[in-house]
Chemist: 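One structure follows; several queries about it will come next.
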Amino acid sequence: MNRPALPRVLSIAGTDPTGGAGIHADLKSFEAAGAYGMAVVTALVAQNTQGVRAIHTPPVEFLREQLASVKEDVTIDALKIGMLGSVSITETVSEFVSTLPEGVPIVCDPVMVASSGDRLLEREAERAVRELARRSTVVTPNLPELAVLADVAQPRTLEEAIDIATQWAHDNGTWVVVKGGHLDGAQADNATVSPSGAVTRVPCPRINTKNTHGTGCSLSSALAARLGAGETLDEALVWATEWLHEAIENADALHVGRGRGPVDHGHRLRRLAAGAQR
């Protein structure tokens, strides 16, 4: 499959009015990772850096119209799937995925529980999300979501998480990205786990900040952009991990909100642009 120099990447996800997560973070991440971003909205989420207040879900028919309007006009080089929320939305997105050409990378971020602890998925939709995850190229759950996917207790270490992901990847034939951000300690490493059991660990020093809102959305979107450009998953995770580390490292300077603030998605681009002007 030929990849363009600027891959066209679609996000299917919810919103964040304060710009730190959901499709707002996805579009910023696509741009930072060298892709042209598009977005289809599954839910309108009233949230800020302190939590979720309300969720409004438009009719599924409108979701179908959004998806059709993109696919009928624009080639999709990669797809990122985020917040779905309900069985009907998940099944609609699954139907859409089945119409994509073979070889289009699909990154499924199985949004079930926000980092704030807010539940973002109806419990009866968990089975539908598991089915969609099996049809994806790679899934990128946080540790609570990995536990829900695998129907096990939440892992307490990265090694435990990798063991769970290894079994799940083998059983379902899908790659998993294990993320260490929810853990304690000096490192916040990530890892790819293949269906064959191969594991590649990407080291990442932990940054002492509360401002990590939307990191899961951002990482999965950066992965989709790099996969859409033709990189392997290991290559994409190295790039995304390093980029997100810089974004988190500079998050405190944004001064957005009074809770868990967003990361600075554009810091790397601004740094490189400033260097090119010298």
Side-chain angles (χ1 to χ4, degrees), residues 9-32 37-67 69-70 79-94 96 107-126 128-129 132-133 139-145 148-149 179 181-182 210-224 244 247-248 251 254 256-265:
V9 187
L10 173 64
S11 166
I12 305 174
T15 65
D16 178 2
T18 56
I23 61 171
H24 299 76
D26 295 345
L27 292 172
K28 295 173 186 177
S29 302
F30 292 156
E31 182 75 14
M38 304 173 285
V40 164
V41 179
T42 57
L44 303 173
V45 185
Q47 66 172 310
N48 55 29
T49 64
Q50 301 180 70
V52 175
R53 298 168 61 120
I55 299 174
H56 171 70
T57 305
V60 172
E61 291 75 16
F62 185 67
L63 173 60
R64 290 195 181 96
E65 289 296 330
Q66 291 182 83
L67 293 168
S69 66
V70 175
L79 174 65
K80 178 269 172 86
I81 301 170
M83 178 182 176
L84 298 173
S86 71
V87 174
S88 59
I89 291 174
T90 305
E91 290 177 344
T92 299
V93 173
S94 292
F96 176 76
V107 179
C108 179
D109 187 23
V111 179
M112 299 172 173
V113 184
S115 297
S116 61
D118 293 296
R119 188 82 183 183
L120 298 176
L121 179 72
E122 296 175 357
R123 293 189 183 275
E124 56 269 27
E126 289 176 3
V129 170
L132 179 58
V139 294
T140 62
N142 60 30
L143 297 190
E145 290 160 352
V148 172
L149 275 180
K179 301 178 291 187
H182 272 81
K210 68 175 182 177
N211 296 318
T212 57
H213 179 54
T215 49
C217 304
S218 303
L219 182 71
S220 58
S221 297
L223 285 174
L244 187 57
I248 297 172
L254 291 178
V256 175
R258 294 183 301 229
R260 294 179 61 255
V263 304
D264 188 351
H265 297 86

Chemist: Starting at OG of S29, measure out to CD1 of I23 and round the result to the nearest 0.5 Å.
Modeler: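 If I round to the nearest 0.5 Å, the distance is 12.5 Å.
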Chemist: Hey, could you give me the CD1/OG distance between I89 and S94, rounded to the nearest 0.5 Å?
Modeler: 12.0 Å
Chemist: Roughly how far, to the nearest 0.5 Å, is the NZ atom of K80 from the OG atom of S11?
Modeler: 5.0 Å
Chemist: Which residue is it: T90, V129, V148, N142? I am looking for the one with a side chain to side chain contact (heavy atoms under 4.5 Å, CB included) to P110.
Modeler: V129
Chemist: When you look at CD of Q66, are more than 12 heavy atoms from neighbouring residues, nucleotides or ligands closer to it than 6.0 Å?
Modeler: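 Enclosed: over 12 neighbouring heavy atoms sit under 6.0 Å from CD of Q66.
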Chemist: Using every non-hydrogen atom in the two residues, find where H24 and G19 come nearest and quote the distance to one decimal.
Modeler: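 Closest heavy-atom pair between H24 and G19: CB-CA, 3.8 Å.
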Chemist: For K179 versus G216, what's the shortest heavy-atom pair and its separation?
Modeler: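 Minimum heavy-atom contact is NZ-CA, 3.7 Å.
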Chemist: Who are the side-chain hydrogen bond (donor to acceptor under 3.5 Å, both in side chains) partners of T42, not counting sequence neighbours?
Modeler: none
Chemist: Considering all heavy atoms of both residues, which atom of V41 and which atom of L63 are nearest to each other, and what is their separation?
Modeler: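 Looking at all heavy atoms of both residues, the closest pair is O-CD1, 3.9 Å.
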Chemist: I want to check something: taking the side chain as every heavy atom from C-beta on, are P262 and T18 in contact at a cut-off of under 4.5 Å?
Modeler: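 Not touching, per the 4.5 Å side-chain cut-off.
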Chemist: Within this structure, what is the CG-CG distance for the pair L219 and L244, rounded to the nearest 0.5 Å?
Modeler: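 Nearest 0.5 Å value for the CG-CG distance: 6.0 Å.
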Chemist: Look up atom OG1 in T215 and atom NE2 in H182, then write down how far apart they are to the nearest 0.5 Å.
Modeler: 7.5 Å
Chemist: Working to the nearest 0.5 Å, report the span between CD1 of I81 and CG of L132.
Modeler: 4.5 Å
Chemist: Taking C-beta and beyond as the side chain, do V256 and H213 meet within less than 4.5 Å on heavy atoms?
Modeler: no
Chemist: Between Q47 (side chain only) and T15 (backbone N and O only), is there a donor and an acceptor less than 3.5 Å apart?
Modeler: yes
Chemist: State, to 0.1 Å, how close V93 and L84 come at their nearest heavy-atom pair, and which atoms those are.
Modeler: CG2-CD2, 3.7 Å
Chemist: Side chains of D109 and T140: do they bring a donor and an acceptor to under 3.5 Å?
Modeler: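 Yes, a side-chain donor-acceptor pair sits under 3.5 Å.
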Chemist: Is there side-chain contact between F96 and L10, with at least one heavy-atom pair below 4.5 Å?
Modeler: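 A side-chain contact under 4.5 Å exists here.
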Chemist: Does T57 use its side chain to pair, donor to acceptor, with the backbone of A43 at less than 3.5 Å?
Modeler: no
Chemist: Kindly give the heavy-atom pair with the smallest separation between C217 and A25, and that separation in Å.
Modeler: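 Heavy atoms of C217 and A25 come nearest at CB-CB, 4.3 Å.
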Chemist: So V40 and M38, do their side chains get closer than 4.5 Å, heavy atoms only?
Modeler: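 They are not in side-chain contact.
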Chemist: Strictly distance-based, threshold 3.5 Å: is any side-chain N or O of T49 a donor or acceptor partner for the main-chain N or O of G259?
Modeler: yes
Chemist: Which atoms form the tightest heavy-atom contact between A13 and D26, and what is the distance?
Modeler: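 Reported closest heavy-atom pair: CB-OD2, 3.8 Å.
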